[in-house]
K.L.:
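Quick one: the structure is below, questions incoming.
Everything numeric here is computed off the predicted structure, so don't read it as measured data. Hydrogens, waters and symmetry mates are skipped; everything else that's a heavy atom, side chains included, is used. Chain letters run A, B, ... following the sequence lines, proteins first, then strands; residues in each count from 1.
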Amino acid sequence: DVQMTQSPATLSASVGDRVTITCRASQTISSWLAWYQQKPGKAPKLLIYKTSSLESGVPSRFSGSGSGTEFTLTISSLQPDDFATYYCQQYNTYSRTFGQGTKLEIK
Amino acid sequence: QLQLQESGPGLVKPSETLSLTCAVSGASISSSASYWGWIRQPPGKGLEWIGTIYYSGTTYYKPSLKSRVIISMDTSKNQFSLNLSSVTAPDTAVYYCATLDSTSAGYFYYWGQGTLVTVSS
């Protein structure tokens with residue numbers, strides 16, 4: 001399996017901050033990476049696919065970048081609705097794997 | 001509008017088989033380039049991909065679960081199912097069904113609401 005490692009595990013930030021979450025793959029995955037947002041008690045919601053493509057309806061303050069083994073999710077100006085847990089997921093191989101998650105908390 | 005709804009027992013005894021169904025509306029599970037999957041999330045933990053089934057019936061499973069998992073589809077009922085055998089307490093989780101994108105079959109673009117399955121005697 002391709003291992004996906006996210007950092008940090010927890011991130012404290014304030015409304016209006018710019019934040020970045022990192023996801024590293026144990027082997028190259030080209031650009032086959034997605035990001036999800038999950039709120040408590042809810043199913044994950046797709047934000048970004050193929051590293052940087054924004055899913056329809058997702059605010060433009062979310063952006064993704066990277067390639068190979070290192071990827072980032074950036075939120076340009078945090079809004080109250082953005083406090084949630086974020087997961088990356090690789091799909092370079094038939095065996096999909098998720099990162100362990102990054103919890104974005106209000107400072 | 002696409003909808004996915006998981007159903008099945010909320011409590012399963014250790015060593016028994018966990019069986020869940022995902023009913024799909026708003027799309028045909030047998031349509032060309034349609035892909036479906038199961039993901040689980042133990043309480044308070046992260047997401048774990050279990051497996052994927054293609055419209056053709058081809059399946060792919062997480063290697064560590066492969067010996068215990070079967071994902072199948074029932075086109076007459078437009079639903080697909082998960083069977084996980086020989087369950088133990090670590091199999092306790094919220095189980096989600098989801099559909100994958102039609103281009104790469106790579107990412108999960110629409111999810112069901114999830115169903116909690118507890119393994120306990």
K.L.:
Could you look at B:A98 and say if it's the side chain, the backbone, both or neither that has a heavy atom under 4.5 Å from chain A?
P.N.:
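No part of B:A98 comes within 4.5 Å of chain A.
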K.L.:
Under a 4.5 Å cutoff for heavy-atom pairs, which residue among A:G101, A:P44, A:G99 has the most contacts with chain B?
P.N.:
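Answer, by heavy-atom pair count under 4.5 Å with chain B: A:P44.
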K.L.:
Heavy-atom count around B:I70 CD1 within 6.0 Å, excluding the residue itself: above 12?
P.N.:
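Open: at most 12 neighbouring heavy atoms sit under 6.0 Å from CD1 of B:I70.
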K.L.:
Any luck finding a side-chain donor-acceptor pair between B:Q41 and A:Y87 under 3.5 Å?
P.N.:
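A donor-acceptor contact under 3.5 Å links the two side chains.
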K.L.:
Could you tell me whether the side chain of A:Y91 reaches within less than 4.5 Å of the side chain of B:S104, counting heavy atoms only?
P.N.:
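With C-beta onward as the side chain, the pair touches.
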K.L.:
Over all heavy atoms of both residues, which pair between A:S95 and B:P63 is shortest? Give the atoms and the distance, please.
P.N.:
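Scanning both residues completely, I find the closest heavy atoms to be OG-CD, 3.3 Å.
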K.L.:
Determine whether more than 12 heavy atoms belonging to other residues, nucleotides or ligands lie under 6.0 Å from atom CH2 of B:W111.
P.N.:
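For B:W111, atom CH2 is crowded (more than 12 foreign heavy atoms under 6.0 Å).
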K.L.:
For the atom pair CG (B:L47) and CZ (A:R96), what is the distance rounded to the nearest 0.5 Å?
P.N.:
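The distance works out to 15.0 Å.
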K.L.:
If hydrophobic clusters are built by linking Ile, Leu, Val, Met, Phe, Trp and Tyr wherever their side-chain heavy atoms come under 4.5 Å apart, do B:W49 and A:L47 end up in the same one?
P.N.:
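B:W49 and A:L47: separate clusters.
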K.L.:
Is there a chain of hydrophobic side chains (I, L, V, M, F, W, Y, each step under 4.5 Å between heavy atoms) that links A:L104 to A:I106?
P.N.:
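The answer is yes; both residues are in one hydrophobic cluster.
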K.L.:
Is A:F62 reachable from A:Y49 through a run of I, L, V, M, F, W or Y residues, each pair having side-chain heavy atoms under 4.5 Å apart?
P.N.:
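In one cluster with A:Y49: A:F62, no.
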K.L.:
Less than 4.5 Å apart, any side-chain heavy atom of B:I39 and any of A:F98?
P.N.:
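Contact flag for B:I39/A:F98 side chains = yes.
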K.L.:
With the 4.5 Å side-chain cut-off for hydrophobic clustering, are B:V12 and B:L20 part of the same group?
P.N.:
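Yes; tracing contacts between hydrophobic side chains, which count when under 4.5 Å, links both residues.
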K.L.:
Roughly how far apart are B:K62 NZ and A:D1 CG, rounded to 0.5 Å?
P.N.:
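The distance works out to 5.0 Å.
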K.L.:
Membership question, hydrophobic clusters at under 4.5 Å side-chain separation (ILVMFWY): are B:Y109 and A:W35 in the same one?
P.N.:
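No, no single cluster joins them.
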K.L.:
Which heavy atom of B:G106 sits nearest to which heavy atom of A:Q89, and what is that distance?
P.N.:
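What the structure gives for the nearest pair is O-NE2, 2.9 Å.
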K.L.:
Rounded to the nearest 0.5 Å, what's the gap from OH on B:Y96 to CD on A:Q38? Could you check?
P.N.:
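Answer for the OH-CD pair, B:Y96 versus A:Q38, is 4.5 Å.
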K.L.:
Using a cut-off of 6.0 Å, state whether more than 12 heavy atoms not belonging to A:K39 lie near its atom NZ.
P.N.:
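Counting neighbours around NZ of A:K39, more than 12 heavy atoms of other residues, nucleotides or ligands fall under 6.0 Å, so yes.
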K.L.:
Which atoms form the tightest heavy-atom contact between A:A34 and B:Y107, and what is the distance?
P.N.:
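Smallest interatomic distance, heavy atoms only, reads CB-CB, 3.8 Å.
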K.L.:
Name the orientation class of the two ring planes belonging to A:Y36 and B:F108 (parallel below 30°, tilted from 30 to 60°, perpendicular beyond 60°).
P.N.:
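Taking B:F108 first and then A:Y36, their aromatic rings sit tilted (interplane angle of 30° to 60°).
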